[in-house]
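Structure record follows, encoded as structure tokens.
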Amino acid sequence: LHSYIHPDDMAAARALLHRAIVEDPDGSQLQYHIDCRLRYGDQFKWSRVVFQRMLPTPDHPSSFMTFIVDVDAAVRAEEEKNRQLTEALKATEQLSKAKSEFTAYISHEIRSPLNALLGYLALARNAVDDPARLIDLFIKSDYAANPLLPLVGDVLDMGTIESGTLHLASERFDVRETLKTLASIYNAQAKNRGITYRVAMGQLPAPCLMGDGLRIKQVVVNLLSNAMKFTPQGGEVTLTAEETLVAEGMARLRFEVRDTGIGMTEAFQQRLFTAYERDAAVGQFGGTGLGLSIAKKLVTLMGGHM
């Protein structure tokens, strides 16, 4: 047997033969079968080996006819199906865990500034006769409320994307005006943080483009915000924008954000665009873990690649 049967299947084959010949000598069971790997030349293939008991004769009181059926394709297809199901189950479990952790995190991130905001407003009601105190409380309220908008925005965007109800606009926009707006925002941020911010514009299309300019801006803002967040003082952030293709009334734009920040672990690079995932090594920087996932889905919806 060892010349034909795969070593890993040998024990099962011997057990089957033992049942057929030793445990059932009188033939109460007429047929036995086993799926095992048999040697075909220099390779093993899955085969179904069937032992059919024959009528006893004086010379052969216990004899069998053996049939061998090639089931290699079917078994390997089943193995692949099981592998895919296992991976899908693992991915679902990981997503469920990530969502649970995200829910706990986002609840804290929303509750803390909301409690502060409500506290400042309560104090403001008792300071109506003190303009200076009132202005100070309003400034603090505004500061407490600012982090809530991107958090809620990411959650709502991911909800519409996952439900398949997100629709891209088709409106006139000027990509150069978008870049000017971003420059005014991030030049100030970079200056405050001691970071050098550069914009490199290659050949760009005519001012009038049709598409979802707001979503394009959202994607670039996400990348720039991450670059600024993870780049320490003295570092550099560069945005490159150029036109790479114009054909049949279609313009293809390429944006690249490069920074000298802290980078990310190799393990997290494999999960970079997975929703609800955040690199544990940079958890102190905050964030929902949705931004890059949303950005990639938006780019994909626009027929692009990220």
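Just so it is clear, the values below take in all heavy atoms, side chains as well, and ignore hydrogens, waters and symmetry mates.
- Judged by distance alone, the side chains of Tyr197 and Thr238 never bring a donor and an acceptor atom under 3.5 Å apart.
- Grouping the Ile, Leu, Val, Met, Phe, Trp and Tyr side chains by contacts below 4.5 angstrom, directly or via other members, places Leu301 with Met158.
- Between Asp72 and Arg48, no side-chain nitrogen of the basic residue sits less than 4.0 Å from a carboxylate oxygen of the acidic one, so the salt-bridge criterion is not met.
- Proximity of a side-chain donor or acceptor of Asp70 to a complementary backbone N or O of Ser47 within less than 3.5 Å is not detected.
- Put simply, Ile216 and Leu166 are part of the same group of oily side chains (I, L, V, M, F, W, Y) that touch within less than 4.5 Å, one to the next.
- Both Val221 and Met201 belong to a single network of hydrophobic side chains, linked directly or stepwise wherever heavy atoms of I, L, V, M, F, W or Y lie under 4.5 Å apart.
- The main-chain N or O of Glu236 is found under 3.5 Å from a side-chain atom of Thr260 such that the two form a donor-acceptor pair.
- The side-chain contact (heavy atoms from CB on, under 4.5 Å) test with Met306 singles out one residue from Leu223, Thr300, Leu298, and that residue is Leu223.
- Taking the charged nitrogens against the carboxylate oxygens, Arg252 and Glu243 have no contact shorter than 4.0 Å, which rules out a salt bridge.
- Looking only at distances, no side-chain donor or acceptor of Ser293 sits under 3.5 Å from a matching main-chain atom of Leu290.
- Atom CE of Met10 sits about 9.0 Å away from atom SG of Cys36, to the nearest 0.5 Å.
- Between the side chains of Asp157 and Gln218, a donor-acceptor pair is found at a separation under 3.5 Å.
- Put simply, CD1 on Ile5 and CZ on Phe44 are 9.5 Å apart, with the number rounded to the nearest 0.5 Å.
- A salt bridge does not link Lys81 to Glu79: none of the charged nitrogens lies less than 4.0 Å from a carboxylate oxygen.
- Leu168 and Val220 end up in the same hydrophobic cluster when Ile, Leu, Val, Met, Phe, Trp and Tyr side chains are linked at under 4.5 Å.
- Salt-bridge formation is not detected for the pair Glu87/Lys90: no Lys NZ or Arg NE/NH1/NH2 atom is positioned less than 4.0 Å from an Asp or Glu carboxylate oxygen.
- Between the Asp9 side chain and the Arg37 main chain, a donor and an acceptor come within less than 3.5 Å of each other.
- Exactly one of Leu224, Thr240, Asn226 qualifies for a side-chain contact (heavy atoms from CB on, under 4.5 Å) with Val257. That residue is Leu224.
- For the pair Tyr186 and Met228, the minimum side-chain heavy-atom distance is below 4.5 Å.
- Taking the six-membered ring where tryptophan is involved, the planes of Tyr32 and Phe64 are perpendicular, since the angle between them exceeds 60° and thus also 30°.
- A salt bridge is absent between Glu80 and Arg76: the closest approach of a Lys/Arg side-chain nitrogen to an acidic carboxylate oxygen does not fall below 4.0 angstrom.
- Annotation: Tyr40, atom OH; neighbour count of heavy atoms from other residues, nucleotides and ligands within 6.0 Å is above 12.
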